[in-house]
Amino acid sequence: MAEYSALSILKNALTGNRDWKPAWRKPDPKPTYDVIVVGGGGHGLSTAYYLAKEHGITNVAVVEKGYLGSGNIGRNTTIVRSNYLLPQNIRFYEHSMKLWENLSHDLNYNVMFSQRGILNLAHTPGQLDDYARRGNAMRHEGGDAELLSPGQIARLYPGLDVSPKARFPVVGGLLQPRAGSARHDAVAWGYARGADRRGVDILENCEVVGFLKEGDRIVGVKTTRGDIRAKKVAVAAAGSTGRVLKLAGIDNLPIESHVLQAFVSESLKPILPGVITWGGGHLYVSQSDKGGLVFGGDLDGYNTYAQRGNLPLVEEVMSELLAMFPGFAKVRLLRSWGGVMDMSMDGSPIITTGPLPGMYINCGWCYGGFKATPASGWCFAWTIAKNAPHEINAPFTLDRFHRGLLIDDKGQGATPKLH
């Protein structure tokens, strides 16, 4: 595959762009592989990439039921951050942030990672104290965090209503300067190209319809393109994890699937320098390179596998956006979509071996899936290659739910839709 460079762009521009090679192959399935990764989204593709790059395991197949990137990797609001409270989460997402910072160079593919910062608004003194606690925890683990005054926030976001007469007065905020956003499609394409160049087979339109077993051990998958055997089968199917694992007889995972809606407005002149979240409810908004406002809020609140939501949540998210930025009242909505979220019981992910021999699972990402993409793949690849977790993902095992070692960053308890 051709390297991308300024010289190659100039050369192809002069020849009518006729000499570009495909970013990845379209191979037929082989009968056997060392590893099969179920799910061609960000986590599945990054897992395959790091298996090849970090561990030299290249006889790998990524099986995807649709086209590459048709799931959550292409249906999110592109936010990257590591502003968590608990040390296990801070360490994991800080590792992801460091991988993000060098990802375009590593993949030789521009993922458009822009570190514009994320600001969490506080509307009460108690909330600001909570943010100070979280910021101190982040800094203690080597992260970056700054507590801002209303005046500092007003200078960053001139369109924000920080007046005392605001319905939800702003008393301060927590800023993580290294946070930001990336181009979701480019992340999928970059990891796919990088994995393919190292010998990984990416099998699109290859839906898993069952698992091959020898006793209790998983030895392969049944797909719409035939049976494929492997020494190890890794499942990274996001919101479809429950449905996929049910094919293996597993129906008691501590996760639920919910739909999360996201929205994009018409293009505007630059007005939001970074990502900003509203502390009076649940809303996050940024501005894309094209000028559209990209925003979202709460889940729809019911279990579903549908990639669409309902109007009551649309109204709620719009009202929250206008509570923060009244000046956006006449901005027109361009489009909306839904992503299926795999919500865990404690709000933290599961990256582990099992629950059957020969199987590995990666799920329970809640709102953290996109920003976790590099670290998720890196840690999952380690777990698959070594048959044991890395110290970074060692806390995120299934047995923590049996042992009571929950990682509940929000303190919401065993209610997946609240995480």
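The figures that follow rest on heavy atoms only: side chains count, while hydrogens, waters and symmetry mates do not. None of these values were measured; they are calculated from a predicted model.
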Quick check on [X]: does its [atom1] atom have over 12 non-hydrogen neighbours (other residues, nucleotides or ligands) under 6.0 Å away?
| X | atom1 | answer |
| --- | --- | --- |
| R225 | CZ | yes |
| K11 | NZ | no |
| H140 | NE2 | no |
| L14 | CG | yes |
| K246 | NZ | no |
| D216 | CG | no |
| K232 | NZ | yes |
| K231 | NZ | no |

Looking at [Y] and [X], is there a salt bridge between them, counting it only when a charged N and a carboxylate O are closer than 4.0 Å?
| X | Y | answer |
| --- | --- | --- |
| R25 | D196 | yes |
| R91 | E391 | no |
| D298 | K417 | no |
| R400 | D346 | yes |

Do the side chain of [X] and the main chain of [Y] share a donor and acceptor less than 3.5 angstrom apart?
| X | Y | value |
| --- | --- | --- |
| D144 | R178 | yes |
| Y131 | L121 | yes |
| S257 | N303 | no |
| R75 | Q307 | yes |
| Q261 | D300 | no |
| S240 | R243 | no |
| E54 | W378 | no |

Side chains of N393 and T383: any donor to acceptor distance under 3.5 Å?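 Side chains of T383 and N393: pair found under 3.5 Å.
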Is there a donor in the side chain of Y33 and an acceptor in the side chain of D201, or the other way round, less than 3.5 Å apart?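 Yes, side-chain donor-acceptor contact under 3.5 Å.
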Show which side-chain atoms of residues 287-297 pair as donor or acceptor with protein atoms under 3.5 Å away, not counting sequence neighbours.
from: Q287; atom 1: OE1; to: I271; atom 2: N; distance (Å): 2.8
from: Q287; atom 1: OE1; to: L272; atom 2: N; distance (Å): 3.1
from: Q287; atom 1: NE2; to: L268; atom 2: O; distance (Å): 3.2
from: Q287; atom 1: NE2; to: K269; atom 2: O; distance (Å): 3.0
from: Q287; atom 1: NE2; to: G291; atom 2: O; distance (Å): 3.0
from: S288; atom 1: OG; to: K290; atom 2: N; distance (Å): 3.3
from: S288; atom 1: OG; to: G291; atom 2: N; distance (Å): 3.4
from: S288; atom 1: OG; to: G292; atom 2: N; distance (Å): 3.3

Out of curiosity, [X] [atom1] to [Y] [atom2], how far, rounded to the nearest 0.5 Å?
| X | Y | atom1 | atom2 | answer |
| --- | --- | --- | --- | --- |
| C363 | M343 | SG | CE | 12.5 Å |
| N12 | R18 | CG | CZ | 10.0 Å |
| E64 | I202 | CD | CD1 | 10.5 Å |
| S46 | L103 | OG | CG | 9.5 Å |
| D342 | T241 | CG | OG1 | 5.0 Å |
| S265 | F328 | OG | CZ | 8.0 Å |

Should the ring pair W189 and Y109 be called parallel, tilted or perpendicular, given that the plane angle runs from 0 to 90° and is split at 30 and 60?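 Perpendicular, since the angle between the ring planes exceeds 60°.
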Locate the shortest heavy-atom distance separating [X] from [Y]; write the atom from each residue and the value.
| X | Y | value |
| --- | --- | --- |
| G41 | I73 | CA-CG2, 4.0 Å |
| L245 | L253 | CD1-CD1, 3.0 Å |
| S344 | I255 | CA-CG2, 3.9 Å |
| N83 | N120 | ND2-OD1, 3.0 Å |
| T224 | N205 | OG1-O, 3.8 Å |
| E320 | L283 | OE1-CB, 3.7 Å |

Please step through side-chain contact (heavy atoms from CB on, under 4.5 Å) for the pair E141 and Y84, ending with a clear verdict. CA-CA 10 Å; E141 292 292 339; Y84 284 79; over 6 Å; no
Close side-chain approach of [X] to [Y], heavy-atom, < 4.5 Å:
| X | Y | result |
| --- | --- | --- |
| F370 | H184 | yes |
| V187 | F113 | no |
| F380 | H43 | no |
| H390 | H95 | no |
| L156 | Q152 | no |
| K222 | D227 | yes |
| V233 | L212 | no |
| I36 | V208 | no |

Full working for side-chain contact (heavy atoms from CB on, under 4.5 Å) between H258 and T304: CA-CA 5 Å; H258 290 262; T304 180; 5.7 Å; no
Report the C-alpha separation of M112 and T78 in whole Å, then their side-chain angles, then the decisive distance to 0.1 Å, and conclude whether the side-chain contact (heavy atoms from CB on, under 4.5 Å) test is met. CA-CA 10 Å; M112 304 182 189; T78 75; over 6 Å; no
Criterion side-chain contact (heavy atoms from CB on, under 4.5 Å) against P374, the qualifying member of L99, D106, V80: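 It is L99, the one option of L99, D106, V80 that forms the side-chain contact (heavy atoms from CB on, under 4.5 Å) with P374.
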Please walk me through it: do Y49 and R198 pass side-chain contact (heavy atoms from CB on, under 4.5 Å)? CA-CA 8 Å; Y49 174 77; R198 287 167 172 79; 3.4 Å; yes
Taking the cut-offs as 6.0 angstrom to the six-membered ring centre and 45 degrees off its axis, would you call R193 and Y4 a cation-pi pair?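 Because its charged atom sits under 6.0 Å from the ring centre and within 45° of the axis, R193 does stack over Y4.
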Could you check, using the six-membered ring where one of them is a Trp, whether F92 and W365 have ring centers closer than 6.0 angstrom?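 Here the rings of W365 and F92 have centres that are less than 6.0 Å from each other.
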With sequence neighbours left out, write down each residue that passes side chain to side chain contact (heavy atoms under 4.5 Å, CB included) with R403, or none if nothing qualifies.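 Counting only residues at least two positions away or on another chain, R403 forms a side chain to side chain contact (heavy atoms under 4.5 Å, CB included) with D399, L405.
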Would you please test W24 and Y191 for ring-ring contact (aromatic ring centres under 6.0 Å, His included) and show each step? CA-CA 10 Å; W24 59 88; Y191 272 121; over 10 Å; no
Would W100 and Y93 satisfy ring-ring contact (aromatic ring centres under 6.0 Å, His included), going step by step from the backbone distance to the final call? CA-CA 10 Å; W100 275 110; Y93 286 102; over 10 Å; no
